[in-house]
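Heads up: the structure comes next, in structure tokens.
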Amino acid sequence: MASDSRASLRIVSLLPSATEIVCALGLGEQLVGISHSCDYPAEVIAKPRVSRPHTDFGLASAEIDLAVRRALRDYGSVYEIDVAGIAALAPDLVLTQGICDVCAVPEQQAVAALAGLPSPPTVLTLDAHDLPAILAGIRDVGRAAGAEQRADACVAAIEDRLASVRARLAGQPRPRVLALEWLDPPYVPGHWVPELVAIAGGDLVAGVARRPSARIDWRELRSADPDVLLLMPCGFGLEETLSEAKRYREVLENVAGRAIAAGRAYAVDAAAYFSRSGPRVADGVEILAAVLHPARFSRVSVAGRGRAAIFPGR
């Protein structure tokens, strides 16, 4: 199908990163429905929501973990899809994901729910487990929506920003980083996050790229002795992460006491810059570079996106 024939394509996004990709490609006006958790850019906020969680997840890590397990047990899924709402929007293309059954509506559930519609839309699954796959996903959306050139330009801009960070950190010492994507129970990063830390000039003490985030016991981390502690709970904004830091201060001091005492404990807005497999991973790398190498990235502002020395007075 030629690119100009897709100008009227109607798109529904069931995950925040896909929504961000659509808007980054200049297709925001064609986005007719979004998930319950899509919140960026601001232009999407008023669009119809076509998914919802089955339960209130609570506020703390442990409460959310329990609620997720109960939803999976009771409903077989964490989320409910508004099939009637999607049918009324009459989309041509629905964007979903195959990365995690907990983070957003999964592919299998979306395909099954939409198969019974009188005119089933095309379902495009974004299955990014690493940074190259994130960039490939941007191109996939561009191809499906007839915006190939815009997608190529978006990917090129991201690659240029990442290359700039790498170049500025060439030959610099690499601090040892303990990054935590969940606190109760504790999880260390997987998928693309280890790659972001590496590009930003850090060495992770736990966590493997291209694999799922991994549950770990606090006792396994007591010998890590990182130079830097990085708190980035999946799906949490900055203020939520700061609250979690206070709640789990004692156990964090047990595993990263030296980093905390040196003022090198940081909280970041994971929901915006690290949990989502979209264009803002470039911002995430720059934020991490400013955190890990402040002298070389003094012009990168982390205000509202990260907070240093999260345990003052120690």
Side-chain angles (χ1 to χ4, degrees), residues 17 20-21 23-26 40-41 126 128-142 148-181 188-211 226-232 238 259 262-309:
S17 59
E20 295 190 22
I21 292 170
C23 293
L25 300 185
Y40 184 88
L126 303 182
H129 293 272
D130 58 15
L131 187 53
I134 292 176
L135 302 183
I138 294 172
R139 288 194 171 100
D140 288 342
V141 174
E148 293 93 337
Q149 291 184 346
R150 289 183 231 173
D152 288 342
C154 180
V155 169
I158 294 170
E159 290 176 331
D160 286 347
R161 291 170 68 182
L162 301 183
S164 176
V165 172
R166 288 190 181 99
R168 292 175 67 180
L169 291 174
Q172 294 298 304
R174 302 176 68 85
R176 298 174 67 255
V177 179
L178 171 60
L180 294 171
E181 284 197 340
V188 294
H191 299 304
W192 55 86
V193 171
E195 293 175 280
L196 305 189
V197 174
I199 295 170
D203 280 331
L204 277 182
V205 300
V208 180
R210 302 174 188 86
R211 296 183 183 176
D227 302 308
V228 174
L229 172 64
L230 183 64
L231 301 185
M232 50 194 330
L238 180 57
R264 303 213 68 189
Y266 304 90
V268 294
D269 185 344
Y273 303 106
F274 301 100
S275 304
R276 298 182 183 181
S277 53
R280 286 196 288 173
V281 292
D283 297 84
V285 167
E286 292 167 352
I287 292 166
L288 290 182
V291 163
L292 300 178
H293 299 275
R296 300 192 72 83
F297 290 86
S298 58
R299 295 185 179 181
V300 175
S301 174
V302 297
R305 308 192 293 179
R307 187 82 56 82

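The first residue of the sequence shown is numbered 1, and numbering continues consecutively from there.
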Criterion side-chain contact (heavy atoms from CB on, under 4.5 Å) against L230, the qualifying member of L288, L180, L292: L288
Minimum-distance pair of heavy atoms, taken over all atoms of A289 and A200: N-CB, 3.5 Å
Neighbour count >12 (heavy atoms, 6.0 Å) for atom CD, Q149: no
Smallest separation among heavy atoms of P189 and A206, with atom names: CD-O, 3.8 Å
Between CE on residue M232 and CG on residue D269, distance to nearest 0.5 Å: 10.0 Å
R280 side chain vs S17 backbone, donor-acceptor pair below 3.5 Å: no
Side-chain donor/acceptor of D203 to backbone N/O of R176, under 3.5 Å: no
I199/R161 under side chain to side chain contact (heavy atoms under 4.5 Å, CB included): CA gap, chis, key distance, verdict: CA-CA 11 Å; I199 295 170; R161 291 170 68 182; over 6 Å; no
Verdict with supporting geometry, I138 and I158, side chain to side chain contact (heavy atoms under 4.5 Å, CB included): CA-CA 11 Å; I138 294 172; I158 294 170; 3.7 Å; yes
Under 3.5 Å: donor-acceptor pair, side chain of R276, backbone of A271: yes
S275 side-chain N/O to A270 backbone N/O, donor-acceptor pair under 3.5 Å: yes
Exam field: side chain R150 to backbone L25, donor-acceptor pair closer than 3.5 Å: yes
Shortest non-hydrogen contact between G142 and A151, atoms and distance: CA-CB, 3.9 Å
Partner of Y266 under side-chain contact (heavy atoms from CB on, under 4.5 Å), chosen from V302, L229, V228: V228
Full working for side chain to side chain contact (heavy atoms under 4.5 Å, CB included) between V165 and F297: CA-CA 9 Å; V165 172; F297 290 86; 4.0 Å; yes
Whether E195 side chain and L131 backbone form a donor-acceptor pair below 3.5 Å: yes
Backbone N/O of R296 and side chain of R168: donor-acceptor pair under 3.5 Å: yes
H293 side chain vs G201 backbone, donor-acceptor pair below 3.5 Å: yes
Side-chain donor/acceptor of W192 to backbone N/O of F274, under 3.5 Å: yes
Lys/Arg N to Asp/Glu carboxylate O, D130 vs R210, below 4.0 Å: yes
From CD (E20) to OG (S277), nearest 0.5 Å: 9.5 Å
I134 CD1 to I21 CD1 distance, which is reported to the nearest 0.5 Å: 8.5 Å
Shortest non-hydrogen contact between E286 and V300, atoms and distance: O-CG1, 3.6 Å
Nearest-0.5 Å distance, CG of residue D152 to CG of residue L135: 11.0 Å
Any donor-acceptor N/O pair, R307 side chain to L238 backbone, under 3.5 Å: no
Nearest non-hydrogen partners of A179 and L204, listed with the distance: CB-CD2, 3.8 Å
For the student: nearest non-hydrogen atoms of A198 and R174, plus distance: O-NH2, 2.8 Å
